[in-house]
Novice: 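I have a structure here, written as structure tokens, and I will follow up with some questions on it.
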Amino acid sequence: DAGVTQSPTHLIKTRGQHVTLRCSPISGHKSVSWYQQVLGQGPQFIFQYYEKEERGRGNFPDRFSARQFPNYSSELNVNALLLGDSALYLCASSPTDSDPDAGANVLTFGAGSRLTVL
Amino acid sequence: DQQVKQNSPSLSVQEGRISILNCDYTNSMFDYFLWYKKYPAEGPTFLISISSIKDKNEDGRFTVFLNKSAKHLSLHIVPSQPGDSAVYFCAASARSNFGNEKLTFGTGTRLTIIP
């Protein structure tokens with residue numbers, strides 16, 4: 001079975017540009033989350049989408065936006081890139097069951113998209 | 001404000017011995033805790049979790065202990081194997097809403113198993 005797939009794997013942008021990162025969840029997973037991992041830090045929550053609706057947003061500026069499509073894939077968009085946006089962007093998907101004992105919070109992560117802003 | 005803290009950036013353990021990784025949290029609303037393992041060039045992989053209604057959860061060589069009064073959890077790996085060398089992240093969530101799966105991660109501990 002295919003896991004969570006992300007594209008592109010690596011990309012280089014310059015300040016002021018915008019970027020679109022893409023994510024395909026595990027088949028059957030309806031929830032997709034995005035995390036930013038800066039070097040030396042743990043992943044930091046950006047967004048969660050469930051059934052195409054935003055369910056949560058982290059402490060990120062409005063330059064960050066996301067959406068989820070009918071097939072449950074997702075895009076993360078970042079506008080007006082800053083040097084500090086350089087990071088590994090991780091997408092994760094999770095099962096539809098919200099029962100905590102069934103592991104609703106067990107996120108399966110993709111390998112990430114490494115963004116470098118010059 | 002670091003709500004989940006892993007105060008040891010690195011840990012080296014002899015193969016076959018026990019590895020103990022520690023994690024502290026400050027948010028009393030957290031009620032579900034997870035450990036993830038990360039190899040270079042890969043995404044974090046789920047290892048083991050524990051609900052706040054328990055104080056111990058075991059899965060093979062991995063055991064997680066939760067001390068709610070101290071707001072502390074630990075991951076024990078025994079016996080440690082070379083393949084366990086990775087960065088380990090502690091994560092926590094407060095499951096207040098349906099579908100709310102925001103995880104708050106610590107900064108990670110790099111575990112090196114010495115053959």
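Residue numbering restarts at 1 for every chain, and letters A, B, ... go by the order of the sequence lines.
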Novice: Taking atom CG of A:Asp62 as the centre, report whether more than 12 heavy atoms of other residues, nucleotides or ligands fall under 6.0 Å from it.
Specialist: no

Novice: Can you tell me if CZ on A:Arg15 sees more than 12 non-hydrogen neighbours from other groups inside 6.0 Å?
Specialist: no

Novice: Looking at B:Arg17, I'd like to know if its CZ atom is crowded, meaning that more than 12 non-hydrogen atoms belonging to other residues, nucleotides or ligands lie closer than 6.0 Å.
Specialist: no

Novice: Work out which heavy atom in A:Gln41 is nearest to a heavy atom in B:Phe89; give both atom names and the distance.
Specialist: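 Scanning both residues, the minimum pair turns out to be O-CE2, 4.0 Å.
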
Novice: Is there a continuous path of hydrophobic side-chain contacts, each under 4.5 Å between heavy atoms, that joins B:Leu111 to B:Trp35?
Specialist: yes

Novice: Out of curiosity, does A:Phe64 fall in the hydrophobic cluster containing A:Tyr49 (side-chain heavy atoms, cut-off under 4.5 Å, transitive links)?
Specialist: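 Yes, A:Tyr49 connects to A:Phe64 through the hydrophobic network.
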
Novice: Taking CZ in B:Arg110 as the centre, count heavy atoms belonging to other residues, nucleotides or ligands within less than 6.0 Å. Is the count above 12?
Specialist: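 No, the 6.0 Å shell around CZ holds no more than 12 heavy atoms from other groups.
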
Novice: Looking at A:Val106 and B:Tyr32, what are the two nearest heavy atoms and their distance?
Specialist: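 Smallest interatomic distance, heavy atoms only, reads CG2-OH, 4.2 Å.
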
Novice: Against chain B, label A:Tyr35 side chain, backbone, both or neither, depending on which of its atoms sit under 4.5 Å from a heavy atom there.
Specialist: side chain

Novice: Out of B:Pro44, B:Ala91, B:Pro9, return the one with the most heavy atom pairs under 4.5 angstrom to chain A.
Specialist: B:Pro44

Novice: Specify which of A:Gln37, A:Arg114, A:Glu51 makes the most heavy-atom pairs with chain B at under 4.5 Å.
Specialist: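 Option with the top pair count is A:Gln37.
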
Novice: So which atom in B:Leu103 and which in A:Leu107 form the shortest heavy-atom distance, rounded to 0.1 Å?
Specialist: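 For B:Leu103 and A:Leu107, the tightest heavy-atom pair comes out as CD1-CD1, 3.6 Å.
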
Novice: Could you look at A:Gln44 and say if it's the side chain, the backbone, both or neither that has a heavy atom under 4.5 Å from chain B?
Specialist: neither

Novice: If you compare all heavy atoms of B:Ala41 against all heavy atoms of A:Ala111, which two are closest, and at what distance to 0.1 Å?
Specialist: O-CB, 4.1 Å

